[in-house]
There are 4 protein chains.
Amino acid sequence: MEANDAEGSVPDAGPEDTAARPHTGRRRNEAVRRAILDAALRLLVESEGAPITVEAVARAAGVGKQTLYRWWPSKGAVLLDALTDRAGQDVPPPDTGSLREDLRTVVAATFDAAQRAPWAPALRTLVREAATDPHLAELLRAYTGTRRALLRDVLDRGRARGELPADRDLDLVVDQVYGLFWYRFLLGHAPLDRAAAERLTDSLLAPGTP
Amino acid sequence: MEANDAEGSVPDAGPEDTAARPHTGRRRNEAVRRAILDAALRLLVESEGAPITVEAVARAAGVGKQTLYRWWPSKGAVLLDALTDRAGQDVPPPDTGSLREDLRTVVAATFDAAQRAPWAPALRTLVREAATDPHLAELLRAYTGTRRALLRDVLDRGRARGELPADRDLDLVVDQVYGLFWYRFLLGHAPLDRAAAERLTDSLLAPGTP
Amino acid sequence: MEANDAEGSVPDAGPEDTAARPHTGRRRNEAVRRAILDAALRLLVESEGAPITVEAVARAAGVGKQTLYRWWPSKGAVLLDALTDRAGQDVPPPDTGSLREDLRTVVAATFDAAQRAPWAPALRTLVREAATDPHLAELLRAYTGTRRALLRDVLDRGRARGELPADRDLDLVVDQVYGLFWYRFLLGHAPLDRAAAERLTDSLLAPGTP
Amino acid sequence: MEANDAEGSVPDAGPEDTAARPHTGRRRNEAVRRAILDAALRLLVESEGAPITVEAVARAAGVGKQTLYRWWPSKGAVLLDALTDRAGQDVPPPDTGSLREDLRTVVAATFDAAQRAPWAPALRTLVREAATDPHLAELLRAYTGTRRALLRDVLDRGRARGELPADRDLDLVVDQVYGLFWYRFLLGHAPLDRAAAERLTDSLLAPGTP
DNA sequence: ATTTAATCGAGACGGTACGTCATGTCTTCGG
DNA sequence: CCGAAGACATGACGTACCGTCTCGATTAAAT
């Protein structure tokens with residue numbers, strides 16, 4: 001979990017549109033934004049499974065519903081924003097010169113981040129919401145797209161170094177990682193610990209690979 | 001897709017409760033059961049994405065809501081029943097003596113079955129519903145559990161034949177298959193065709209494996 | 001105030017439509033109807049001036065909003081129904097043979113009924129609601145139309161007996177009575193007591209009239 | 001229609017508070033006042049029946065909501081101001097020496113003014129608003145009070161000249177006129193034309209009265 | 001000319017009510 | 001007793017106005 005502002009946030013108007021229209025009117029209240037995101041995150045974390053209602057978020061934030069709808073296009077956008085907003089910065093993927101090393105690190109970090117409290121329940125609820133909310137689904141798709149791209153870069157570098165056969169299907173590798181991750185994360189039938197990360201990495205790189 | 005009556009279906013009391021209570025009153029109308037399952041499946045197939053309401057199923061089947069609730073514990077149970085009921089028989093997993101062969105067959109069959117019209121949209125909608133409906137989630141979990149076990153058997157047999165190292169984590173292999181499958185199936189960002197099945201199989205079995 | 005069922009009530013299906021469609025399904029719950037009308041009347045009486053919300057009526061009646069909308073086309077219809085439902089039967093207008101006598105009686109009764117607790121505040125609120133609610137306005141228009149017709153009958157009989165000049169504009173007389181009534185009733189700047197009824201009657205009948 | 005500034009307008013603080021505080025700062029913009037009143041009147045005239053929102057007035061006037069609330073205590077005050085502001089000067093009630101003549105003139109003028117385009121829809125909407133807005137109701141009450149007083153003066157003069165019996169209830173006569181007027185004006189079920197004015201006048205003055 | 005203070009357009013904000021929708025339970029009547 | 005129809009309480013939805021509250025940009029008198 002990292003990155004933020006997966007759209008839905010404030011338009012973040014560039015400074016140059018000031019010429020066109022200097023933005024009259026009362027400005028957005030940052031404290032309100034914070035209150036909403038905090039409330040949403042709290043509900044996301046606490047509400048184990050139960051769906052989250054817009055009214056609950058508004059009430060918890062001490063805010064009118066309209067204020068939510070003014071700034072976010074849908075409930076899902078608020079929830080995703082709440083989750084990503086606090087999720088720390090995008091740690092750049094490692095580049096140690098060893099694919100095995102890099103891959104192991106990325107996979108373990110992914111497994112780890114998702115498990116670390118209090119993200120797990122929040123993330124699970126978010127994905128659940130996405131099933132109902134097409135808008136959130138789209139946002140989530142975009143978000144995971146960037147995550148996939150990051151991993152893909154690591155693999156590309158490894159292949160360039162000759163650590164993978166030139167004809168290896170790297171998208172498949174990426175999807176094996178994230179597929180396994182989401183499958184276990186959502187079903188919860190098997191662990192996503194460091195050992196799993198190791199074994200997954202090993203299974204993806206040919207045994208003889210350095 | 002196979003198996004049915006993953007619980008949730010009519011208990012269809014065994015014939016011996018007749019002794020205890022001779023069963024007075026009108027018997028369950030089989031035509032009604034069919035009408036409900038057919039209607040549910042039709043909605044499942046047609047409603048691309050949009051959630052399915054109990055009332056829609058009841059109306060489409062020309063049936064009272066109560067009749068639904070009388071025979072299935074939840075909306076999700078009806079939907080799952082509708083999907084599995086028609087899903088053909090459980091083809092026994094192949095046992096050709098070659099793991100690579102067997103695995104390739106199972107994986108390709110899985111990919112294929114999910115894509116074949118009209119199952120794909122129905123299955124996608126079903127999974128979406130499961131996100132909201134804990135009961136359905138549970139049923140689905142059980143269902144996929146049996147699918148996992150089947151694949152696990154194939155792998156066990158292969159390992160027994162020495163086609164896999166003794167210390168290989170077979171649960172991980174299973175989850176790599178189904179993880180990839182669901183990930184691609186639900187996101188739809190990459191194909192689940194025969195070529196993908198081949199490459200996945202190859203990536204799971206060490207290059208030198210027969 | 002009397003009469004009732006100025007539409008908006010139960011359709012009151014005649015028994016003969018049974019042939020067409022026997023009306024299957026659960027029947028309307030009379031207790032719920034009563035609870036709603038009672039709650040509405042109570043709010044109408046108590047809420048001095050303040051507008052009445054659908055949600056307040058529903059809550060006070062321990063009823064879902066939907067149930068209100070199921071049976072009445074608008075909030076106004078409920079309120080009117082609540083008021084007329086309990087307003088006693090339509091006392092037939094008097095016919096003593098003396099116009100002066102009859103008119104005095106009708107006018108005094110009208111003035112009286114409106115003032116008698118607890119109708120006054122309820123009626124005032126109802127009219128206020130009618131200003132916003134076109135549907136209620138229409139219903140109210142129909143209701144007052146029947147009241148006007150009643151008074152008109154009394155006058156017709158009087159004219160037939162020669163107690164009024166043949167060319168007297170009887171609709172004007174009717175409107176003078178109800179115009180004065182509503183004007184004073186709503187503004188409340190002057191009494192609507194028995195003396196006012198007397199003086200109004202006298203002013204409408206030429207001094208020399210028997 | 002006459003009179004204006006039935007309170008609600010700008011207080012326009014007397015010049016003597018200058019001593020206390022010299023009033024620095026920008027002065028009220030008269031053009032804005034006009035724009036608001038014009039917009040309000042236009043909406044009042046056009047919006048047949050539909051309630052008028054503050055935001056609509058502000059938008060139509062190209063003005064911020066706050067500017068409205070700065071100068072008028074309520075929406076109703078704006079509307080009343082808009083209507084009376086343009087409503088022509090207060091024609092002094094006639095005093096021809098003949099009560100019948102004077103009364104006929106006043107009544108006919110009242111009927112006429114209300115019907116003359118575009119006042120009728122505006123006045124109807126205004127009264128409708130008054131039902132919801134207690135502030136406007138009060139303003140309207142005050143306004144109609146002055147109209148009643150005017151008519152009352154005419155009657156007083158007539159009685160002083162002996163054209164009415166000394167014991168005649170003049171408030172009742174006044175209310176018969178305005179009662180009929182509002183009743184027909186708001187319900188619209190019968191005309192308020194010159195003939196009606198004639199007949200009403202005749203009915204109020206004893207037949208033998210000069 | 002500068003300061004000071006109020007006006008103005010714009011619009012964010014917390015509320016309250018709206019009328020609709022789906023849920024799962026219940027009641028009624030005919031078969 | 002089964003089954004269709006549908007009433008019912010509940011509770012969330014997304015929208016509309018309300019009246020108050022910032023905002024920066026004017027504008028005009030007092031300095």
Side-chain angles (χ1 to χ4, degrees), chain A residues 21-29 31-33 35 51-56 58-59 61-71 74-75, chain B residues 23-29 31-32 35-36 51-56 58-59 61-71 73-75 132-133, chain C residues 18 21-29 31-33 51-56 58-59 61-71 74-75, chain D residues 18 21-29 31-32 35 51-56 58-59 61-71 73-75 132-133:
Chain A
R21 193 178 58 78
H23 180 63
T24 174
R26 182 177 180 176
R27 301 310 176 71
R28 179 174 190 180
N29 185 344
V32 164
R33 195 184 89 95
I52 297 184
T53 72
V54 174
E55 291 192 302
R59 204 170 329 112
V63 141
K65 273 196 290 178
Q66 191 78 178
T67 301
L68 278 172
Y69 287 112
R70 197 178 348 255
W71 298 110
S74 75
K75 179 177 62 176
Chain B
H23 184 64
T24 172
R26 183 174 178 178
R27 298 309 173 74
R28 179 174 188 181
N29 183 346
V32 163
I36 290 171
I52 297 184
T53 72
V54 174
E55 281 182 309
R59 205 171 327 113
V63 141
K65 276 196 291 177
Q66 192 60 230
T67 302
L68 277 173
Y69 286 112
R70 198 177 344 254
W71 298 111
S74 78
K75 179 177 64 177
T132 318
D133 180 343
Chain C
T18 308
R21 192 180 58 79
H23 179 63
T24 175
R26 182 177 181 177
R27 300 310 175 74
R28 180 174 189 178
N29 184 344
V32 163
R33 195 184 90 95
I52 296 184
T53 72
V54 174
E55 293 193 298
R59 203 171 329 113
V63 142
K65 274 196 290 178
Q66 191 80 175
T67 301
L68 277 172
Y69 287 111
R70 197 180 345 256
W71 297 111
S74 76
K75 180 177 61 177
Chain D
T18 310
R21 192 182 48 72
H23 181 64
T24 172
R26 183 177 180 176
R27 298 309 175 73
R28 178 174 191 182
N29 184 346
V32 163
I52 297 184
T53 73
V54 174
E55 285 184 305
R59 205 170 329 112
V63 141
K65 275 197 291 177
Q66 190 62 230
T67 303
L68 277 173
Y69 286 112
R70 189 166 8 240
W71 300 111
S74 78
K75 179 177 63 175
T132 318
D133 180 343

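Lettering of chains follows the sequences in order, A, B, ..., and the numbering in each one begins at 1. Since we're looking at a predicted model, the values are computed, not measured.
Of the candidate nucleotides E/dC8, F/dT15, E/dC13, E/dC8 has the atom nearest to the side chain of D/R28. Distance from the side chain of A/Y69 is smallest to F/dT15 among F/dT15, F/dC18, E/dT23. Which of F/dC23, E/dT23, F/dA4 sits closest to the side chain of C/T24 comes down to F/dA4. When the nucleotides F/dT15, F/dC13, F/dC21 are ranked by their closest atom to the side chain of A/Q66, F/dT15 comes out on top.
Taking every heavy atom of both residues into account, A/A61 and A/A35 meet most closely at CB-O, 3.6 Å.
At E/dC8, one or more side-chain N or O atoms of D/R70 fall inside 4.0 Å of OP1 or OP2 (strictly under the cut-off). One finds no side-chain N or O of D/W71 lying less than 4.0 angstrom from the OP1 or OP2 phosphate oxygen of E/dT7. Look at B/T67 and you'll find a side-chain N or O under 4.0 angstrom from OP1 or OP2 of F/dA4. Phosphate contact (OP1/OP2 of F/dA28, side-chain N/O of D/R26, threshold under 4.0 Å): absent.
Interface remark: the D/K65 side chain does form a donor-acceptor pair with the F/dG19 base, using a distance-only criterion of under 3.5 Å.
If you check every strand for non-hydrogen atoms under 4.0 Å, B/K75 touches sugar and phosphate atoms only.
B/E55 places its CD atom 11 Å from the P atom of F/dG6, with the value rounded to the nearest Å. Taking atom CG of residue C/L68 and atom P of nucleotide F/dG11, one finds them 17 Å apart after rounding to whole Å. Atom-to-atom, CZ of C/R27 to C1' of E/dG30 comes out at 11 Å; the value is rounded to the nearest Å.
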